Amino acid sequence: MSDAVVVGAGPNGLAAAVTLARAGLSVKVYELASQLGGGTRSAALTLPGFLHDVCSAVHPMALASPFFQEFGLAERMELRVPEVSYAHPLDDGRAGIAYRDLNRTVAELGRDGAAYRRLFAPLLARVEGITDFTQHPLLRIPADPIAAFRYALAVAEQGSLLGDLRFRGEAAPAMIAGVSAHSIGKIPSLATAGAGLLLGTLAHAGGWPVPIGGSQAIADAMAADFSAHGGEIVLNHRVESLAQLKAETGAKIQLLDVSASGLLEIAGTELPSRFIRSLRRFRYGPGACKVDFALSGPVPWTNPELAAVATLHLAGTKAEIARSEAQVAAGQHPEQPYVLVSQPSPHDASRAPLGQQVLWSYCHVPAGSTVDMTEAVVRQIERFAPGFRDVVLASKVITAAEYAHYNPNYIGGDFSAGAVTIRQLLKRPVVSARPWRTPIPGLYLGSSSTAPGPSVHGLCGWYAAQTALKDVYGLAAPDLSPSDAL
Ligand SMILES: Cc1cc2nc3c(=O)[nH]c(=O)nc-3n(C[C@H](O)[C@H](O)[C@H](O)COP(=O)(O)OP(=O)(O)OC[C@H]3O[C@@H](n4cnc5c(N)ncnc54)[C@H](O)[C@@H]3O)c2cc1C
């Protein structure tokens with residue numbers, strides 16, 4: 001018997017589990033895979049000695065997430081913050097480089113520097129308010145209304161054709177489009193601009209840290225705290241139904257780190273029909289095709305400044321990114337896709353044998369795609385790093401269809417567990433200030449199908465667990481800090 005049970009050991013499930021255990025409850029986690037971590041697993045996908053991130057690799061929220069701040073993630077593992085958050089190479093060998101230092105970024109952007117500063121400086125001055133606003137359900141009075149207003153204005157500009165009026169050169173608009181395309185969708189649109197301006201601001205605030213030991217280290221830090229507080233993780237255990245869950249654990253709290261469709265599968269027979277209809281209307285977005293590389297040495301970037309950059313957006317101009325995202329939305333596979341690249345090796349020697357490197361990359365593809373995009377991805381890398389093919393020792397592709405099989409939360413390969421549109425930021429998966437609560441007493445949804453949505457931040461699980469603790473046991477949110485670790 002347990003007080004609470006969590007289904008799914010992704011970052012949200014683990015955040016929920018930690019919170020429930022820290023409140024003094026006996027907690028069990030059921031995970032269907034043989035390895036914990038969900039979207040934060042790392043594994044030897046290519047050759048022995050090469051450690052690849054299977055899903056997430058780029059972690060702006062590891063420092064910025066209010067959950068990770070409360071949990072003290074940076075004190076529990078090594079998060080190395082590079083001087084450059086991300087870079088966006090162009091065909092002539094130039095690159096837009098987002099240094100943590102806004103002044104340096106502005107200086108290198110030349111004639112567009114001042115316009116870039118006017119966009120980001122007011123956001124940077126209110127970065128905590130913007131994080132608070134974007135990392136909660138939208139249906140809530142913002143803690144810092146000035147921050148929310150500035151952010152909304154910037155999103156309205158960059159999410160529309162007005163965005164084209166700000167800059168004269170190619171680098172700055174390409175940088176903003178590149179960071180916006182982390183959220184799959186139309187460029188420009190309010191939803192993608194929202195993600196881009198948050199990530200773009202964080203690039204000049206705490207930065208985009210590289211987790212030493214790979215993304216798995218983030219999951220392991222949460223699992224260690226959970227175990228230290230009496231929690232139990234059961235791997236290789238698929239939960240099929242609510243009845244099964246109740247019979248196996250007798251828990252008063254059942255918290256699911258599954259997609260909105262997963263909630264329907266597990267609890268569908270017991271949910272009221274209105275709620276079922278609402279979950280059925282929840283939409284999933286395009287998928288991702290990922291290619292991991294084991295390299296004999298560094299990538300031969302044309303621009304030498306890129307050698308130690310941990311995150312790169314390979315796609316050329318803003319217009320090219322908009323075209324490739326539109327093709328994906330129309331069900332096509334772009335010949336020149338937007339490619340997101342993570343190059344952790346210069347910051348983390350533990351990922352590959354001495355002198356060698358790993359490279360992580362993915363591009364967007366239509367939902368359910370079985371197409372291997374390796375060649376298109378390699379061509380995009382070669383475009384900015386001629387000779388790249390010569391340093392590739394091995395590669396491993398994971399298609400969108402394979403992702404859907406790998407993790408049932410990734411419906412059709414949509415790793416956001418639900419399309420990120422303005423509608424679905426409001427209604428995730430229902431319109432509510434507490435969207436983690438279901439109509440069944442004791443049953444909560446805490447995955448990225450709920451607000452505030454995708455990314456490794458643990459917030460959906462943390463908020464769901466806080467809601468459950470209050471509803472079911474009348475308990476306040478517990479302290480999660482490392483000083484209370486045991
Ligand atoms: C290719 C790729 C690249 C990404 N890049 C980034 C990135 O760079 N930065 C970033 O922040 N995010 C990135 N993401 C997204 C990020 O991984 C997710 O937003 C995040 O993992 C969501 O966390 P979660 O806990 O909600 O769900 P998940 O991490 O998906 O975890 C859900 C867990 O529940 C388990 N589960 C599901 N159903 C059941 C069941 N019935 N019974 C038992 N267990 C079950 C699954 O096996 C899984 O372990 C990426 C994802 C992918 C696939």
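Reckoned from all heavy atoms, side chains included, excluding hydrogens, waters and symmetry mates. Note that ligands are numbered from 1 as they come in the structure, with each ligand's atoms numbered from 1 the same way. Given the structure is predicted, the values throughout are model-derived calculations rather than measurements.
- Counting heavy-atom neighbours within 6.0 Å of His405 NE2, excluding the residue itself, gives a total of 12 or less.
- If you check which protein heavy atom lies closest to atom 14 (N) of ligand 1, you get Ser56 CB, 3.7 Å.
- Using a 4.0 Å cut-off between heavy atoms, Val258 contacts ligand 1 through its side chain alone, with no backbone atom that close.
- When non-hydrogen atoms are compared, ligand 1 lies under 4.0 Å from the side chain of Val7 (C-beta onward) but not from its backbone.
- A donor-acceptor distance shorter than 3.5 angstrom exists from the side chain of Lys290 to the backbone of Val54, with no hydrogens or angles considered.
- Put simply, part of His237 is less than 4.0 Å from ligand 1, judged by heavy atoms.
- Heavy atoms from both the backbone and the side chain of Val456 come within less than 4.0 Å of ligand 1.
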Where do Asp414 and Arg283 land on the salt bridge (charged side-chain N to carboxylate O under 4.0 Å, His left out) test, with the steps shown first?
CA-CA 10 Å; Asp414 169 13; Arg283 293 285 165 255; over 6 Å; no

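- Taking any N or O of Ala33, backbone or side chain, none lies under 3.5 Å from an N or O belonging to ligand 1.
- Atoms of ligand 1 lying under 4.0 Å from any heavy atom of Gly38, numbered from 1 in the order shown and given with element: 29 (O), 31 (O), 48 (C), 49 (O).
- Among the atoms of Asn12, some N or O lies under 3.5 angstrom from an N or O of ligand 1.
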Show me, pair by pair, the donor-acceptor contacts under 3.5 angstrom made by side chains of residues 448-455, not counting sequence neighbours?
unit_1, atom_1, unit_2, atom_2, d
Ser449, OG, Ala260, N, 3.0
Ser449, OG, Ala417, O, 2.6
Thr450, OG1, Trp436, NE1, 3.4
Thr450, OG1, Ser447, O, 2.6

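- Residue Glu78 places its CD atom among more than 12 non-hydrogen atoms of other residues, nucleotides or ligands, all under 6.0 Å distant.
- Heavy atoms of Cys460 come nearer than 4.0 angstrom to ligand 1 in no pair at all.
- With ligand atoms numbered from 1 in the order given, ligand 1 contributes 26 (O) to contacts under 4.0 Å with heavy atoms of Ser447.
- The closest approach between Glu31 and ligand 1 falls below 4.0 Å for a heavy atom of the residue.
- The option from Ser455, Ser448, Gly453, Pro60 that lies nearest to atom 19 (O) of ligand 1, judged by heavy atoms, is Ser455.
- Counting only N and O atoms by type, the side chains of Asp3 and Ser26 include a donor and acceptor under 3.5 Å apart.
- Contact annotation: His182 has no heavy atom less than 4.0 Å from any atom of ligand 1.
- Every atom of ligand 1 with a heavy atom of Pro408 under 4.0 Å away is listed here by number and element: 37 (C), 38 (N).
- Here Asp257 has heavy atoms under 4.0 Å from ligand 1 in both its backbone and its side chain.
- For ligand 1, the polar-atom distance check against Leu32 finds a nitrogen or oxygen pair separated by under 3.5 Å.
- Looking at Arg41 against ligand 1, only its side chain comes within 4.0 Å, counting heavy atoms.
- In this structure, Gln343 and Leu312 have side chains that are in contact, with non-hydrogen atoms separated by less than 4.5 Å.
- Compare Trp208, Tyr30, Phe415 by their heavy atoms: the one nearest to atom 52 (C) of ligand 1 is in Phe415.
- The closest approach between a heavy atom of Trp360 and any atom of ligand 1 is below 4.0 Å.
- Between the side chains of Thr249 and Tyr30, no donor-acceptor pair of N or O atoms lies under 3.5 Å.
- Here Leu63 pairs with Ala74, Leu79, Val81, Pro209 under the side chain to side chain contact (heavy atoms under 4.5 Å, CB included) rule; sequence neighbours left out.
- A salt bridge links Glu270 to Lys246: one of the charged nitrogens lies within less than 4.0 Å of a carboxylate oxygen.
- Only the side chain of Tyr403 comes within 4.0 Å of ligand 1, judged by heavy-atom distances.
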